[in-house]
Amino acid sequence: MNTREYIELENTYVANIYHPLEVVLERGEGVWVYDVEGKRYLDCLSAYSAVSQGHCHPRIVQALVEQAHRVTLTSRAFFNDQLGLFAKELCDLLGYDMMLPMNSGAEAVEVAVKTARKWGYEVKGVPDNQAEIIVCEGNFHGRTTTVISFSSEPKYKRHFGPLTPGFKFVPFGDKRALMDAVTPNTVAFLVEPIQGENGINVPPPGYLKFAETLCRRENVLLMADEIQVGLGRTGKMLCSEHDNVRPDVVILGKALSGGVYPVSAVLADRPILGLYKPGDHGSTFGGNPLGAAVARAALRVLVEERLAENAAVQGAYLMERLKRIESPYIKEVRGRGLLIGVEVTPEAGGARRFCEELARRGILAKETHGTVIRLAPPLIIKREQVDFIADTLEAVFHDIERQDQRVREPVLVAA
Ligand SMILES: *Cc1c(COP(=O)(O)O)cnc(C)c1O
């Protein structure tokens, strides 16, 4: 089968919820992926930051295979010999008392919402069914019915109502609005330390610290969605560390398993997660030994290969190179570590054509919010590969500018 046939097959039998670049991948290794025609690409999306450890990392794959030969799923009707070790290693690494394991990111966000409400009623003393959670405009926390209920993106919600109540919006980065939104019934402030899907938006300095101080004072849980920005992506183990903030609740997913298997988790201290009793929540696959063994290996790789440090070094270098590109089509380059957004100007005709041209030249990136080219390569990336990204991006901008100029001045050429 060729590229066209694979695409037609997917388009025929799979519900059309994405708008993929027309590349059909069949293999990955480290920072590279290969399509069915044998063409190689540097992966600058890393499956939305899930493949931070690089594709098919040998140690993570080995853990998967070994555990697959032992036992994969026991359900939590019984104990297994991997979950406790995974939980302890994760809690020790990030400095929390306990965790609750799930599978997808959205499920972990659901757990965070349930946890905040439960804590609000049982500890803070909020009257039943009155709990409020503050969220930010432009947030992305996943796609379940409750999670889209507090999205500000109309497209995520249209025709999916009735939606879950109990959420209040504030503009991301606005301290005053956050302060004004708190009421005696507020149980949590849920925030992405950097908004990834909304275009790599970094909040103003001091914003997260302010939120932490406010939450402490008002007896509100600070819940950080670190699914995309956590685990080394921005140059620290948690993105919140840049602001010297310790969230009450941390939500992880994506790179927690290095992209090998869906594993997510919610972390908090005992006064919060200790409120759960048998029957309060559950998941057939959550905490299964296969996922736990994979996540243990993925965390070991993050720590032993010093991937957060590499993300800081290579990210700073990539940022510096991108900021040097002179183009009327670049509005702003922003981000932290290896999560970088290049926003194009309105005249540039959207980010997608740049991503398509990058793919032609061997770099896979995906536009976000129509106008931002997201660069989030695996954290194992080396300097010469960063140069390849920067050189290629620069060439793409200059070539597209030149093309557009020719279209605008056809008469001169004809004469
Ligand atoms: C990807 C993502 C999610 C949802 O994770 P899924 O595994 O796709 O459900 C939630 N929050 C953030 C910040 C994300 O980037």
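Remember, it's 1-based here, ligands and their atoms both numbered in the order they're listed. Numbers here are sequence positions counted from 1.
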Contact partition for Glu192 relative to ligand 1, non-hydrogen atoms under 4.0 Å: side chain

Minimum heavy-atom distance between Asn219 and Trp119, given as atom pair plus value: O-CH2, 3.3 Å

Residue part near ligand 1, for Lys254, under 4.0 Å between non-hydrogen atoms: side chain

Salt-bridge contact Glu320-Arg324 (side-chain N to carboxylate O under 4.0 Å): yes

Main-chain N/O of Ala131 paired to Tyr121 side chain as donor or acceptor, under 3.5 Å: yes

Option whose closest heavy atom lies nearest to atom 10 (C) of ligand 1, chosen from Glu226, Gln228, His141, Arg143: His141

Heavy atom of protein closer than 4.0 angstrom to atom 5 (O) of ligand 1: yes

Identity and distance of the protein heavy atom lying nearest atom 11 (N) of ligand 1: Asp225 OD2, 2.7 Å

cation_pi(Arg176, Phe210) dist<6.0 Å, angle<=45: no

For Lys157 against Ser151, the heavy-atom pair lying closest together: NZ-O, 2.7 Å

Nearest-contact summary for atom 9 (O) of ligand 1 - protein heavy atom, Å: Ala106 N, 2.8 Å

Closest protein heavy atom to atom 7 (O) of ligand 1, given as residue, atom name and distance to 0.1 Å: Gly105 N, 2.8 Å

Check ion pair Arg216-Glu212 (N to O, under 4.0 angstrom): yes

Side chain, backbone, both or neither: the part of Phe140 lying under 4.0 Å from ligand 1 by heavy atom: both

